[in-house]
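See below for the structure under consideration.
Values below: every heavy atom of this structure, side chains too, minus hydrogens, waters and symmetry copies. On a predicted model such as this, the values are computed, not experimentally measured, just so you know.
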Amino acid sequence: MNIQRKLYLDKLIKKKGNGLIKVITGLRRSGKSYLLFNIFKKHLTESGTAADHIIEMSFEGYENRQYRNADLFYPYVKEKITDSRTYYILLDEVQLLDSFEEVLNGFLHIPNADVYVTGSNAKFLSRDIITEFRGRGDEIYISPLSFAEFMQCYSGDRYMGLGEYMAYGGLPYLINLQSHEEKAAYLKNIFEETYITDIINRHSLRGKAEFNELIDILSSSVGSLTNPNKLSATFKSVKNVKVSPLTLTNYIGYLEDSFLIKSAKRYDVKGKKYINSPFKYYFTDVGLRNARLNFRQTEETHLMENVIYNELIIRGYNVDVGIVTSFGADGKTRKQSEVDFVCNSASKRYYIQSALTVSDEGKSQQEQYSLLHINDSFKKIIIVKDPIVTRFNENGILLMNIYDFLLNYDSLDF
């Protein structure tokens, strides 16, 4: 079944002919190649682009291995450009092309070339492009399937669908698989054979055991505050292994650069400043996280928080963890409470709490506490897994069920 990834197609369409290299990045197996060679190519064809004005190459394919040599590939493309009409150059896994920065810079000097590339490693690709192109690279980040995209091809209701999504995540290939055994095997295999092996080989890691242990720790503590110093202490006390904070910082960087995890900084809401440490780490795909732990630790609270975080990233928000300071009745007792997410986009800001339920008064008060101590006028929201009616409560806080949130792209503007 084809999933029309309209959000990303629209972004590509808006960037057509802008004079920049369009760089599609994201987690391996998240659908970058399909977006470029199927969805976007179909758009070009239906818009009247002739087949001979679409030049495409996948450098990952064995049959194209000779074109990984820049001295062969660049002339190959130049020979195909024979008139003044626009030529669309679509390149997959361009980091496998040697001297790819120079080749892409060369394409920038062809006035009727419009170039689109995919890559799977942020540090190796997009950060280099930012340096090499001096502002002439335009990045489009693609996530695994959102819940709304997942539901386009799921035959059950949204309640069953969310359970499936929170268990296995949104990697597109999973829609072809039926049983738990098939899905678990796929996720475990690509985690180990694609992501981890790729990182270890790229960075020539010697501490493979420590690196894998770090992944297990981060998988087990999704949504928990931590930092390299705390992690180093954990290795020492629990594993009796000495791993320096600097080494762990590098390891975390490798995971982020491969798009496996993302970090959320802490933000002092009243002080209007960032707190350098600790951070929270979330998995780009919860199915990969669950597979890493052999589906043993599937606590709804953590998974729901991770799913909400990913959805906010998909919608283009900058997402932080909020810290709110309040004082007791005596005016002296100081208390810090947390807002799960502080979301910013241009002039918009939302404060969001994630909660399984607010069915009893105690739980409701607990979830509202930090929000009620924020004195600005930005919208305050509690997203609840219970299928409640989305509404504002007596304190002006929006209570929204997670299904309404995930299935409506503009739900925060309710």
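The neighbour count for Asn276 CG, taken as heavy atoms of other residues, nucleotides or ligands under 6.0 Å away, does not exceed 12.
No close placement of the Tyr165 and Tyr154 rings is indicated, their centers lying 6.0 Å or farther apart. Here Tyr251 and His203 keep their ring centres 6.0 angstrom or further from each other. Between Tyr159 and Tyr403, the ring centre distance stays below 6.0 Å. Here the two rings, on Tyr317 and Tyr350, have centers that are under 6.0 Å apart. The ring of Phe259 has its center closer than 6.0 angstrom to the ring center of Tyr141.
Side-chain atoms of Glu182 and Asn176 include no donor-acceptor pair closer than 3.5 Å. No hydrogens or angles considered: a donor-acceptor pair under 3.5 Å links the side chains of Tyr116 and Asp114. Checked by atom type, the side-chain pair Asp92/Ser33 shows a donor-acceptor distance below 3.5 Å. Judged by distance alone, the side chains of Ser224 and Thr226 never bring a donor and an acceptor atom under 3.5 Å apart.
Residues satisfying the side chain to side chain donor-acceptor pair (under 3.5 Å) test with Lys188, not counting sequence neighbours, are Asn294. Among residues two or more places apart in sequence or in another chain, the side chain to side chain donor-acceptor pair (under 3.5 Å) test is passed with Glu56 by Lys41. With sequence neighbours excluded, no residue forms a side chain to side chain donor-acceptor pair (under 3.5 Å) with Asp98.
Remark: Arg315 qualifies as a cation-pi partner of Tyr409 under the 6.0 Å distance and 45° angle criteria applied to the six-membered ring. Figure legend: cation-pi geometry between Lys335 and Tyr369, with NZ or CZ positioned under 6.0 Å from the six-membered ring centre and within 45° of its axis. At least one test fails for Arg68 against the ring of Phe59: distance under 6.0 Å to the centre or angle within 45° of the axis. Stacking of Lys32 on the aromatic ring of Phe40 is not recorded, the 6.0 Å distance cut-off and the 45° axial limit not both being met.
Although no hydrogens or angles enter the test, the distance criterion places no donor-acceptor pair under 3.5 Å between the side chain of Gln336 and the main chain of Thr325. A donor-acceptor pair under 3.5 Å is absent between the side-chain atoms of Gln365 and the main chain of Gly362, judged by distance alone. One N or O on the side chain of Asn306 and one on the backbone of Phe283 form a donor-acceptor pair closer than 3.5 Å. With hydrogens and angles disregarded, a donor-acceptor distance shorter than 3.5 Å links the side chain of Thr197 to the backbone of Glu192. Remark: side-chain polar atoms of Asn395 are not paired, donor with acceptor, to backbone N or O of Ile397 under 3.5 angstrom. The main-chain N or O of Ser58 is found under 3.5 Å from a side-chain atom of Asn64 such that the two form a donor-acceptor pair. Side chain of Ser258 to main chain of Leu260: no donor-acceptor pair is present (N/O by atom type, distance under 3.5 Å, no hydrogens or angles). Under the 3.5 Å distance criterion, the side-chain polar atoms of Thr118 are matched with a main-chain donor or acceptor of Glu93. Side-chain N or O atoms of Thr49 include none that pairs as donor or acceptor with a backbone N or O of Thr45 at under 3.5 Å. Between the side chain of Ser99 and the backbone N or O of Glu102, no donor-acceptor pair lies under 3.5 Å.
For the atom pair Phe191 CZ and Arg292 CZ, the distance stands at 5.0 Å (nearest 0.5 Å). Between the OH atom of Tyr274 and the CD1 atom of Ile323 there is a distance of 13.0 Å, given to the nearest 0.5 Å. In this structure, CZ on Arg266 lies 9.5 Å from CG on Asn227, to the nearest 0.5 angstrom. Considering SG of Cys343 and CG of Leu412, their distance stands at 7.0 Å, rounded to 0.5 Å. Once rounded to the nearest 0.5 Å, the distance linking OH of Tyr254 with CD1 of Ile199 reads 10.0 Å. The CG atom of Leu248 sits 6.0 Å away from the CG atom of Leu214 when rounded to the nearest 0.5 Å.
In this structure, the side chains of Ile217 and Val238 stay at 4.5 Å or more apart for every pair of heavy atoms. No side-chain heavy atom of Leu255 sits under 4.5 Å from any side-chain heavy atom of Tyr281.
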Worksheet item: Between Arg349 and Ser377, does a side-chain hydrogen bond (donor to acceptor under 3.5 Å, both in side chains) hold up when you go through it step by step?
Response: CA-CA 10 Å; Arg349 171 176 288 184; Ser377 59; over 6 Å; no

Worksheet entry | side-chain hydrogen bond (donor to acceptor under 3.5 Å, both in side chains) evaluation trace for Ser146 with Glu311 | CA-CA 7 Å; Ser146 68; Glu311 181 66 25; 4.7 Å; no

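Ring orientation note: the planes of Phe392 and Phe414 are tilted relative to one another, at an angle of 30° to 60°. Aromatic ring pairs are classed by plane angle as parallel below 30°, tilted from 30° to 60° and perpendicular above 60°; the pair Tyr67 and Phe73 is perpendicular. Aromatic ring pairs are classed by plane angle as parallel below 30°, tilted from 30° to 60° and perpendicular above 60°; the pair His180 and Tyr168 is tilted.
Within the structure, every pair that satisfies the salt bridge (Lys or Arg N to Asp or Glu O under 4.0 Å) test and touches residues 270-280, not counting sequence neighbours, is listed here: Lys280-Glu305, Lys280-Glu338. Counting only residues at least two apart or in different chains, salt bridge (Lys or Arg N to Asp or Glu O under 4.0 Å) contacts with residues 395-411 comprise Arg158-Asp404.
Of the charged side-chain nitrogens involved, at least one lies within less than 4.0 Å of a carboxylate oxygen, so that Asp198 and Arg202 count as a salt-bridged pair. In this structure, Asp138 pairs ionically with Lys15, as a charged nitrogen and a carboxylate oxygen lie closer than 4.0 Å. Between Asp413 and Lys348 there is a salt bridge, since a side-chain N of the basic residue sits under 4.0 Å from a carboxylate O of the acidic one. Between Glu300 and Lys385, at least one side-chain nitrogen of the basic residue sits less than 4.0 Å from a carboxylate oxygen of the acidic one, meeting the salt-bridge criterion. Salt-bridge check for Glu101 with Arg136: failed, with every basic side-chain N at 4.0 Å or more from each acidic carboxylate O.
Between Asp285 and Pro144 the shortest heavy-atom distance is OD1-CB, 3.8 Å.
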Please tabulate, one pair per line, all N/O donor-acceptor pairs under 3.5 Å involving side-chain atoms of residues 228-236, not counting sequence neighbours.
| from | atom 1 | to | atom 2 | distance (Å) |
| --- | --- | --- | --- | --- |
| Lys230 | NZ | Leu225 | O | 3.2 |
| Ser232 | OG | Val243 | O | 2.6 |
| Thr234 | OG1 | Lys230 | O | 3.0 |

